[in-house]
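Have a look at the structure below before the remarks.
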Amino acid sequence: MLKRLHLLLLCLCLAGGLRAEAQPAVSKDTAADLTVRLEGMLPDKSYSWERIHADSTLVFAPADSLRPAQARRFWLKLTVTNRSRYDQAGRLRVLPALDNTLFYFDADAQLWRTHRAGLAIATDSARLKGQMTLLLQGHTTTTVYVHVRLSQQATLPPSIHLGVSIEQEATARHTELFFGVAWAVSIAVLLLLLLTNLHGYARFPDRTTLYYICTQVGAALYITAFRNFFRVWFPAPVFSLMVLPSGIGYGYSINNIFMHLSVVLLLIGFGQMTRSYLETPTHLPRLDKVLRYALRGYIGFTVVVGLVNLSGFYLNYYSLLLDNLLVLGVITLLLYITFVAYRRRLPLARTYLLANVLPLLCIMAVAVYHVVLGFDNEGKLLLPDLAVVSHALCFSAAISIRLQNLQRSLLAREREASNLALDIRQQELRSREIALQNTQIQAAFQRMERQHQQDREQASQQLSEDRRQQETTNQELQQQLEANQRELASTTLYVQQKNALLAELKQQIGELGAQSPGGRPQELAGIKSILQTSLYLDEDWQRFKLHFEQVHPRFFEELQSKYPALTKHEQRLYCYFHINLSTKEIAVLLNIDPASVRRAKTRLYKKIGAADKGEELPPSGQEAAGPLAEE
């Protein structure tokens with residue numbers, strides 16, 4: 001689609017170029033039938049028109065330039081010849097064209113008429129200011145006068161060249177009609193595409209379309225300002241004026257403001273549309289940053305230049321070259337970004353490159369034309385129209401392709417959304433099913449929990465009953481243990497008292513034997529031997545051992561397994577130590593002195609310590625030689 005559109009636009013470019021070449025060019029002799037010649041110049045010393053017309057003593061000296069230092073107002077005498085047999089209207093232009101008044105004789109009305117025009121004249125609403133219309137009869141030569149005023153606000157050189165030219169009214173109107181139709185066609189194309197894209201933007205808001213609309217508005221303002229139509233609609237005010245030594249004058253008016261504004265809108269629209277279309281902030285961040293700085297720089301430059309021109313100093317003549325170079329730089333940067341995006345195969349980069357080439361090349365051609373050939377084209381150039389039309393059509397096609405692609409993507413996303421909604425619906429149904437199952441499971445768990453609770457309560461009751469029975473049993477065992485301990489204590493006390501009694505009897509018998517040595521010593525010795533034997537009766541020990549094992553079950557078995565080398569006397573002694581009997585109590589029970597008990601205790605613990613360390617114990621025969629054996 002874009003290729004066919006490019007071929008069509010190239011054909012239009014060729015046709016427009018040939019048509020533009022066929023238009024007559026502006027020169028001193030615009031047509032062979034009308035000619036004009038400067039007869040002389042007279043500095044104005046407040047002369048009235050009547051004196052200029054009637055006083056033959058005023059001499060118009062030949063001159064080709066004006067000197068502002070000599071005077072600010074001048075009278076010019078011109079001779080205009082119409083070689084045609086027909087009456088013709090002509091447009092006379094005198095440079096400098098700041099404030100000129102034409103005085104010519106109307107043969108039909110038999111009176112002198114005036115026509116005032118120029119850059120500084122608010123009533124001059126022509127597209128090309130400074131043109132003065134006059135009517136000439138056939139085969140006549142007419143003398144006309146022009147009053148030239150140099151504005152006090154204008155920047156003037158020391159010498160200003162005088163330039164006069166005349167053009168046939170029909171030729172001028174034909175030229176104006178041609179370029180007016182070109183402007184109208186361009187505006188119609190822009191308006192049609194603008195309405196189409198506004199409708200598309202209303203249906204499908206897209207930033208790229210919005211920036212494209214911005215470029216369309218800028219393009220419409222540009223070709224309107226380029227054709228100087230804002231001079232027709234807003235002839236005043238003129239903020240600053242300047243005249244070159246060649247006589248060409250420039251004025252900064254509302255038309256120039258719209259010109260600067262249109263270029264800013266075009267570049268902003270181009271730049272932002274490129275950033276949005278190709279998504280350069282994501283795919284080409286460095287070039288995107290350069291583009292943003294370039295756009296901001298150009299906007300700042302334009303604002304500064306506009307403010308200086310509005311202040312009264314005409315800066316456009318000095319800044320237009322740099323202005324066009326900056327435009328060339330931004331356009332070149334946009335083309336480079338588009339080409340890089342195409343090389344990197346970004347989405348829709350090829351389409352955007354094809355849409356960019358012809359419009360941007362036309363804009364570059366306009367900028368190059370102004371840089372190389374000059375700025376004073378008087379709006380007689382078709383390149384801006386071609387640039388505008390090519391831009392509108394090519395980018396409209398690119399936007400259409402982008403919208404189609406977005407619509408396809410949107411449809412795909414809608415399908416994905418529908419599938420996702422279906423999946424969500426299925427998941428919701430599945431969630432409800434799971435919730436129902438969870439409810440059933442929770443109910444089952446609650447039943448199980450109640451059953452477990454009942455089982456736990458029953459088990460707890462059973463455990464409580466068992467615990468009460470165990471406590472009862474423990475109480476009984478405790479009572480039995482206490483009874484055994486009381487029996488053990490009473491047995492121990494009995495043995496201790498018996499041994500003490502026997503020891504006392506033994507002592508008394510010994511004392512009796514000592515008191516009556518001549519008595520019956522053999523009988524006393526026998527009684528003493530019987531008492532000594534009674535001290536070691538095993539019956540008491542067995543009774544004590546029985547009660548001790550009731551209190552401490554398996555004590556002697558564990559002691560025998562752990563320390564098999566201990567003798568029975570040592571086991572007995574260890575048993576007394578275990579129930580925490582004192583040394584004196586043990587001495588009474590064993591019928592030995594306390595010192596022997598302490599020695600026996602020392603030997604016993606040494607033997608136990610050696611057994612714990614795994615050392616070889618001494619033979620049992622040596623142990624028998626202890627204090628217990630002596631007794």
Side-chain angles (χ1 to χ4, degrees), residues 23-42 44 47-55 58 60 62-64 66 73-150 161-177 228 231-232 235 247-249 378 380:
Q23 302 304 315
V26 176
S27 63
K28 276 192 175 182
D29 296 321
T30 304
D33 292 338
L34 294 180
T35 58
V36 60
R37 185 164 61 90
L38 177 60
E39 297 292 340
M41 179 270 294
L42 174 66
D44 185 11
Y47 299 132
S48 65
W49 159 243
E50 288 75 11
R51 184 176 179 184
I52 291 295
H53 173 60
D55 191 352
L58 297 178
F60 286 85
D64 59 356
L66 303 178
R73 295 182 296 177
F74 300 89
W75 286 94
L76 302 181
K77 185 177 182 180
L78 306 175
T79 300
V80 181
T81 302
N82 180 13
R83 295 189 178 91
S84 174
R85 71 178 69 179
Y86 305 105
D87 295 346
Q88 294 190 78
R91 292 185 181 181
L92 178 66
R93 191 175 186 188
V94 176
L95 299 179
L98 296 179
D99 183 0
N100 298 337
T101 304
L102 171 66
F103 295 84
Y104 70 96
F105 185 76
D106 187 351
D108 294 333
Q110 293 297 311
L111 55 82
W112 287 88
R113 296 185 181 276
T114 61
H115 187 174
R116 190 177 180 183
L119 294 173
I121 303 305
T123 57
D124 188 356
S125 59
R127 289 196 309 109
L128 300 178
K129 287 193 173 187
Q131 291 184 340
M132 298 169 290
T133 304
L134 72 160
L135 182 62
L136 301 173
Q137 292 183 340
H139 291 298
T140 59
T141 298
T142 304
T143 300
V144 298
Y145 297 88
V146 177
H147 189 219
V148 178
R149 296 180 181 86
L150 301 179
H161 178 73
L162 281 172
V164 294
S165 61
I166 191 170
E167 182 182 15
Q168 287 181 335
E169 179 71 16
T171 303
R173 288 185 178 179
H174 184 72
T175 303
E176 289 182 355
L177 179 62
N228 296 319
R231 289 183 181 178
V232 178
I248 299 175
E378 298 180 349
K380 298 177 181 179

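Residues: numbered from 1 along the sequence shown.
With rounding to the nearest 0.5 angstrom, the CG atom of Leu150 is 6.5 Å from the CG atom of Leu98. In this structure, CD in Glu39 is found 14.0 Å from CE in Met41, a value given to the nearest 0.5 Å. Atom CG of Leu66 sits about 14.0 Å away from atom CZ of Arg73, to the nearest 0.5 Å. Here Gln168 contributes atom CD and Thr175 contributes atom OG1; the two are 10.5 Å apart, rounded to the nearest 0.5 Å.
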For the pair Met132 and Arg93, evaluate side-chain contact (heavy atoms from CB on, under 4.5 Å) and give the outcome as yes or no after the intermediate values.
CA-CA 6 Å; Met132 298 169 290; Arg93 191 175 186 188; over 6 Å; no
When you look at Gln131 and Leu92, which way does the side-chain contact (heavy atoms from CB on, under 4.5 Å) test go after all the steps?
CA-CA 6 Å; Gln131 291 184 340; Leu92 178 66; over 6 Å; no
Before you tell me yes or no, could you show the steps for Thr142 and Leu78 under side-chain contact (heavy atoms from CB on, under 4.5 Å), namely the whole-Å CA-CA distance, both residues' side-chain angles and the distance that decides it to 0.1 Å?
CA-CA 8 Å; Thr142 304; Leu78 306 175; over 6 Å; no
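Within the 4.5 Å cutoff, the side chain of Thr81 has no heavy atoms near those of the Leu136 side chain. Residues Val94 and Leu76 have side chains in contact (heavy-atom distance under 4.5 Å, counting atoms from C-beta outward). Contact of the Glu176 side chain with the Arg127 side chain is registered, since non-hydrogen atoms from C-beta on lie closer than 4.5 Å. Side-chain atoms of Gln137 and Thr140, non-hydrogen and from C-beta on, do get closer than 4.5 Å to each other. With contacts defined as side-chain heavy-atom distances shorter than 4.5 Å, the pair Asp108/Leu135 qualifies. Counting only heavy atoms from C-beta outward, the side chains of Ile166 and Leu134 approach each other to under 4.5 Å. Considering only heavy atoms from C-beta on, Phe60 comes within 4.5 Å of Tyr145 through its side chain. Arg83 places a side-chain heavy atom less than 4.5 Å from the side chain of Thr35.
Arg149 and Thr101 are linked by a side-chain donor-acceptor pair at a separation below 3.5 angstrom, with hydrogens and angles left out of the test. Counted by atom type alone, His147 and Asp44 present one or more donor-acceptor pairs between their side chains at under 3.5 Å.
Using cut-offs of 30° and 60° for the angle between ring planes, the Trp75 and Phe103 rings count as tilted.
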Distance-only check: which donor-acceptor pairs under 3.5 Å involve side-chain atoms of residues 113-125, not counting sequence neighbours?
from: Arg113; atom 1: NE; to: Asp106; atom 2: OD2; distance (Å): 2.6
from: Arg113; atom 1: NH2; to: Asp106; atom 2: OD2; distance (Å): 3.4
from: His115; atom 1: ND1; to: Thr133; atom 2: N; distance (Å): 3.0
from: Arg116; atom 1: NE; to: Asp99; atom 2: OD1; distance (Å): 2.8
from: Arg116; atom 1: NH2; to: Asp99; atom 2: OD1; distance (Å): 3.4
from: Arg116; atom 1: NH2; to: Asp99; atom 2: OD2; distance (Å): 2.6
from: Asp124; atom 1: OD1; to: Ala126; atom 2: N; distance (Å): 3.3
from: Asp124; atom 1: OD2; to: Gly118; atom 2: N; distance (Å): 3.0
from: Asp124; atom 1: OD2; to: Gly130; atom 2: N; distance (Å): 2.9

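Taking all atoms of both residues into account, the shortest heavy-atom contact from Leu162 to Pro96 is CD2-CD, 4.3 Å. In this structure, Thr143 and Trp112 approach most closely via the heavy-atom pair O-CH2, 3.8 Å.
Residues passing the side chain to side chain contact (heavy atoms under 4.5 Å, CB included) test with Glu50 are Ser48, sequence neighbours excluded. Partners of Ser84 by side chain to side chain contact (heavy atoms under 4.5 Å, CB included), not counting sequence neighbours, listed by chain and number: Asp33, Asn82, Tyr86, Gln88.
In this structure a side-chain-to-backbone donor-acceptor pair under 3.5 Å is present from Lys129 to Pro235.
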